[in-house]
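First the structure, then my questions, so here it is.
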Amino acid sequence: MAYDKFTVLKSTCVPLPLENVDTDQIIPARFLKATKREAFGDNLFRDWRYNNDDSPKEDFVLNNDTYSGKVLVAGRNFGSGSSREHAAWAIYDYGFRCVISSFFADIFKGNSLNIGILPVTVSPEFLDKIFKDIEKDPNAQVEVNLPAQTVTLVSTGESESFEINGYKKNNMVNGFDDIDYLQAMKEEIGSFEAARPF
C-alpha cells in the first residue's frame, strides 16, 4: 500500500532519551495478533505508557502534553531485539513520520523505510544538541529534508547530513512501497517483455 510522500518535514519533537529501546518495548508481544497495519498506535510503548489498570502513567513522555510532533528523537540503538514489523507499524500509526537517533537496529530501520517512516541517523554529538534544544524549548523544531538528506535545528540553523539508500529514498519521496514501485514501472516492464524474442 502507498504511504504519505516524504520530502521536507518541519516539526516539533517528542524526546525519548533512552538507549537500547527494543521492539518489545515499542510494541509488546501480546499485541501482535492482528495482521492489518491499523490500531497499533494505541499500544505504542504500552507498558511504559499505562499502568496495569490502563490509567496513563503521568511521567511518560507520550502522556505529557508539553511534547508533540511528528518526529520522535530517541537514544542510541533504537529498535533492537526481535524483527517484528509491528514496531514500525505502531510508530507510524501513532503519527510519527521520522525517528532520529545515533544508531538503529538494521531490521527495524528496513521495516521503517518500507512503511513510510524515515529513520535518520545523526552523530551522538548532534543528537545531544537536539535533546538539549528540546529541553530548553519544547516547541523547538527540526527540519528534516529528505531530498537534501539533512536535518536542521530550526532555532540555531545547525545542520547535519544523513545517509539513505537511493532506492528507499526514491520510494519515500514518491510515497511508494515495493509493490507501488513495480506498478509505477508497468509500461516499461510491458515494453521489455514485448521486445523479448521468446
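Values below: all heavy atoms of this structure, side chains included; hydrogens, waters and symmetry mates excluded. Since this is a predicted model, take the numbers as computed values, not measurements. Here, residue 1 is the first one in the sequence, and each next residue gets the next number.
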Query raised in the report: Which pairs pass ring pair (Phe, Tyr, Trp, His ring centres under 6.0 Å) with one or both residues in residues 105-127, sequence neighbours excluded?
Result: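 As it turns out, the ring pair (Phe, Tyr, Trp, His ring centres under 6.0 Å) pairs with a partner in residues 105-127, which skip direct neighbours, are F78-F108.
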
**Report entry** For K129, salt bridge (charged side-chain N to carboxylate O under 4.0 Å, His left out) partners two or more places apart
**Finding:**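 Applying salt bridge (charged side-chain N to carboxylate O under 4.0 Å, His left out) to K129 gives E158.
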
Residues 144-153, side-chain donor-acceptor partners within the protein, below 3.5 Å, at least two apart:
residue, atom, partner, partner atom, Å
N145, OD1, A148, N, 2.8
Q149, OE1, K169, NZ, 3.0
Q149, NE2, F162, O, 2.9
T152, OG1, S159, OG, 3.1

Query - Qualifying residues under salt bridge (charged side-chain N to carboxylate O under 4.0 Å, His left out), relative to D128, sequence neighbours excluded - result: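 Listed in chain order: K132.
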
Requested in this report: State which residues pass salt bridge (charged side-chain N to carboxylate O under 4.0 Å, His left out) with D137; sequence neighbours excluded, sorted by chain then number.
Outcome: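 Residues passing salt bridge (charged side-chain N to carboxylate O under 4.0 Å, His left out) with D137: none at all.
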
Query raised in the report: What salt bridge (charged side-chain N to carboxylate O under 4.0 Å, His left out) pairs are there with at least one residue in residues 97-122, not counting sequence neighbours?
Result: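 Listed by first then second residue: D4-R97.
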
Query - Contacts of I107 that satisfy side-chain contact (heavy atoms from CB on, under 4.5 Å) - sequence neighbours left out - result: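 I107 satisfies side-chain contact (heavy atoms from CB on, under 4.5 Å) with S83, N111 once adjacent residues are dropped.
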
**Report entry** side-chain hydrogen bond (donor to acceptor under 3.5 Å, both in side chains) contacts in which one or both residues fall within residues 8-21, not counting sequence neighbours
**Finding:**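 Non-adjacent pairs meeting side-chain hydrogen bond (donor to acceptor under 3.5 Å, both in side chains): N20-N77.
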
Query - salt bridge (charged side-chain N to carboxylate O under 4.0 Å, His left out) against D22, all qualifying residues, sequence neighbours excluded - result: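 Not a single residue meets the salt bridge (charged side-chain N to carboxylate O under 4.0 Å, His left out) criterion with D22.
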
**Report entry** Side-chain ion pair, D54 and R46, N-O less than 4.0 Å
**Finding:**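 A salt bridge links D54 with R46.
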
Query raised in the report: What residues form a side-chain hydrogen bond (donor to acceptor under 3.5 Å, both in side chains) with D59, not counting sequence neighbours?
Result: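 Once residues adjacent in sequence are excluded, D59 has no partner under the side-chain hydrogen bond (donor to acceptor under 3.5 Å, both in side chains) criterion.
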
Query raised in the report: Can you list the residues that meet the ring pair (Phe, Tyr, Trp, His ring centres under 6.0 Å) rule with F45, with sequence neighbours excluded?
Result: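 With neighbours one apart ignored, the set is W48, F60.
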
Query raised in the report: How would you list, by chain and number, every residue that makes a ring pair (Phe, Tyr, Trp, His ring centres under 6.0 Å) with F96, sequence neighbours excluded?
Result: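 With neighbours one apart ignored, the set is Y94.
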
